[in-house]
Trainee: 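Next up is a structure, given as structure tokens.
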Amino acid sequence: MRIGVLGTGNMADALATHWARAGHQVTVGGRDTHKAERLARRIAGGVQPAGLRAAAESGQQVVLAALPFEVAADVVRDLRATLRGKVLLDCSNPVGPGFRLLTQGGPSAAQRLAAAAPGSHVVKAFNLCHENVWRMRPPVFGGRPLAVPVCGDDETALARVRELVRDVGGEPVAGGGLERAGLLEATAALFISLWVGEGADAQAIAPPLTHAAGPL
């Protein structure tokens, strides 16, 4: 695939590294082209640096929005014509001070991107883990690949993102339509508050699958 990456931060670095190693053609773009150049050199594997618009244009199949929640919709709105018809992958977490969900009472971060770029196919994924987890090769715990929920409405877009999840070493899990992306974002807010705020093992709050539906 030809993948454009909007952003030059840690998530852009972690995911683009996997995808370049998997043989995809990746272009990383940022407002600061010097940061994009440094990131492209660090990743290597043929990754190209660019500005935001050029990165969006280069992502013929998928464009990753690895942007802070506060600016993502504005950036995507400026690129909406370029993004039409493309898969727009959102990995953001709209979590503010006190682990507060910044979208509470309104559309999810992913839905805001969809509204900002009508005609694109927004998919939510990769938001439940710290970037260091995505740097693992592969992210396997206790012998099990990391399960990665994926939410979206377009089957072709979902198939492409599922492929990218497998390229990272994870196992895609159907998360439902884009209207359920807010649940993923709320889950991230809860997990971050447990992990970071309480030092609690968030994974321990769920029973094994064999017990999840009630009496055996």
Trainee: Mind listing the closest non-hydrogen atom pair of V140 and P145 along with its distance?
Mentor: CG2-CA, 4.0 Å

Trainee: If you define the side chain from C-beta out and look only at heavy atoms, does anything of L39 sit under 4.5 Å from K35?
Mentor: no

Trainee: Under a single-linkage definition using a 4.5 Å side-chain heavy-atom cutoff for Ile, Leu, Val, Met, Phe, Trp and Tyr, are F126 and L67 assigned to the same hydrophobic cluster?
Mentor: no

Trainee: If you link I, L, V, M, F, W and Y whenever their side-chain heavy atoms are under 4.5 Å apart, who else ends up in the same group as L128?
Mentor: L184

Trainee: Sequence neighbours left out, what pairs pass ring-ring contact (aromatic ring centres under 6.0 Å, His included) with at least one residue falling in residues 69-103?
Mentor: none

Trainee: List, one per line, each side-chain donor-acceptor pair under 3.5 Å for residues 165-175, sequence neighbours excluded.
Mentor:
from	atom 1	to	atom 2	distance (Å)
D167	OD2	H24	NE2	2.6

Trainee: Considering only heavy atoms from C-beta outward, does the side chain of M1 approach that of L164 to under 4.5 Å?
Mentor: yes

Trainee: Check A50 against A55 and note the closest heavy-atom contact, atom names and distance.
Mentor: CB-N, 4.0 Å

Trainee: Going by atom type alone, with no hydrogens or angles, which donor-acceptor pairs under 3.5 Å involve a side-chain atom of residues 74-85 and a protein atom two or more places apart or on another chain?
Mentor:
from	atom 1	to	atom 2	distance (Å)
D74	OD1	R77	NH1	2.9
R80	NH1	R77	O	2.6
R84	NH2	P118	O	3.4

Trainee: Nearest 0.5 Å please: distance from the CG atom of L15 over to the CG atom of L89.
Mentor: 7.5 Å

Trainee: Ignoring hydrogens and angles, tell me if any N or O in the side chain of R21 forms a donor-acceptor pair with the backbone of G45 under 3.5 Å.
Mentor: no

Trainee: Measure across A125 and V161 and return the closest heavy-atom pair with its distance rounded to 0.1 Å.
Mentor: CB-CG1, 4.1 Å

Trainee: Does V122 share a hydrophobic cluster with V87, counting links as ILVMFWY side-chain heavy atoms below 4.5 Å and allowing steps through other members?
Mentor: no

Trainee: Do F191 and L101 share a hydrophobic cluster (ILVMFWY, side-chain heavy atoms under 4.5 Å, transitive)?
Mentor: no

Trainee: Closer than 3.5 angstrom, by distance alone: can the side chain of N127 be matched with the main-chain N or O of N93 as a donor-acceptor pair?
Mentor: no

Trainee: Under a 4.5 Å cut-off applied to non-hydrogen side-chain atoms, are E37 and H34 in contact?
Mentor: yes

Trainee: Would you mind checking if R162 and E155 are paired as a salt bridge, meaning a charged N to carboxylate O distance below 4.0 Å?
Mentor: yes

Trainee: Within the side chain of W134, is there an N or O that forms a donor-acceptor pair under 3.5 Å with the backbone of M11?
Mentor: no

Trainee: Give, for atom CZ of R112 and atom OG1 of T103, the distance between the pair rounded to the nearest 0.5 Å.
Mentor: 6.0 Å

Trainee: Mind checking whether M136 and W19 sit in one hydrophobic cluster, side chains of I, L, V, M, F, W, Y counted as touching below 4.5 Å?
Mentor: yes

Trainee: Specify the closest pair of heavy atoms between G7 and L52, including all atoms of both residues, with the distance to one decimal.
Mentor: N-CD2, 4.1 Å

Trainee: Could you tell me which non-hydrogen atom of L113 sits nearest to which non-hydrogen atom of A65, and how far apart they are?
Mentor: CD1-CB, 4.1 Å

Trainee: I would like to know whether R42 and T17 meet side chain to side chain contact (heavy atoms under 4.5 Å, CB included); could you show each step before the answer?
Mentor: CA-CA 9 Å; R42 184 164 67 250; T17 297; over 6 Å; no

Trainee: For Q104, look at atom CD and say whether over 12 heavy atoms of other residues, nucleotides or ligands are found less than 6.0 Å away.
Mentor: no

Trainee: For the OG1 atom of T33 and the CZ atom of R38, what is their distance to the nearest 0.5 Å?
Mentor: 9.5 Å

Trainee: Hey, quick one: are F141 and I192 part of the same hydrophobic cluster, counting side-chain heavy atoms closer than 4.5 Å, chains of contacts allowed?
Mentor: no

Trainee: Take atom CG in L209; do more than 12 heavy atoms of anything else shown fall under 6.0 Å from it?
Mentor: no

Trainee: Over all heavy atoms of both residues, which pair between L178 and C151 is shortest? Give the atoms and the distance, please.
Mentor: CD1-O, 4.0 Å

Trainee: With sequence neighbours excluded, give me every salt bridge (Lys or Arg N to Asp or Glu O under 4.0 Å) pair touching residues 117-143.
Mentor: D13-R135, D90-K124, K124-E185

Trainee: Indicate yes or no: at least one non-hydrogen side-chain atom of E70 is less than 4.5 angstrom from one of L102.
Mentor: yes

Trainee: Going by side-chain hydrogen bond (donor to acceptor under 3.5 Å, both in side chains), name the residues that satisfy it together with S58, two or more places apart in sequence or in a different chain.
Mentor: T27

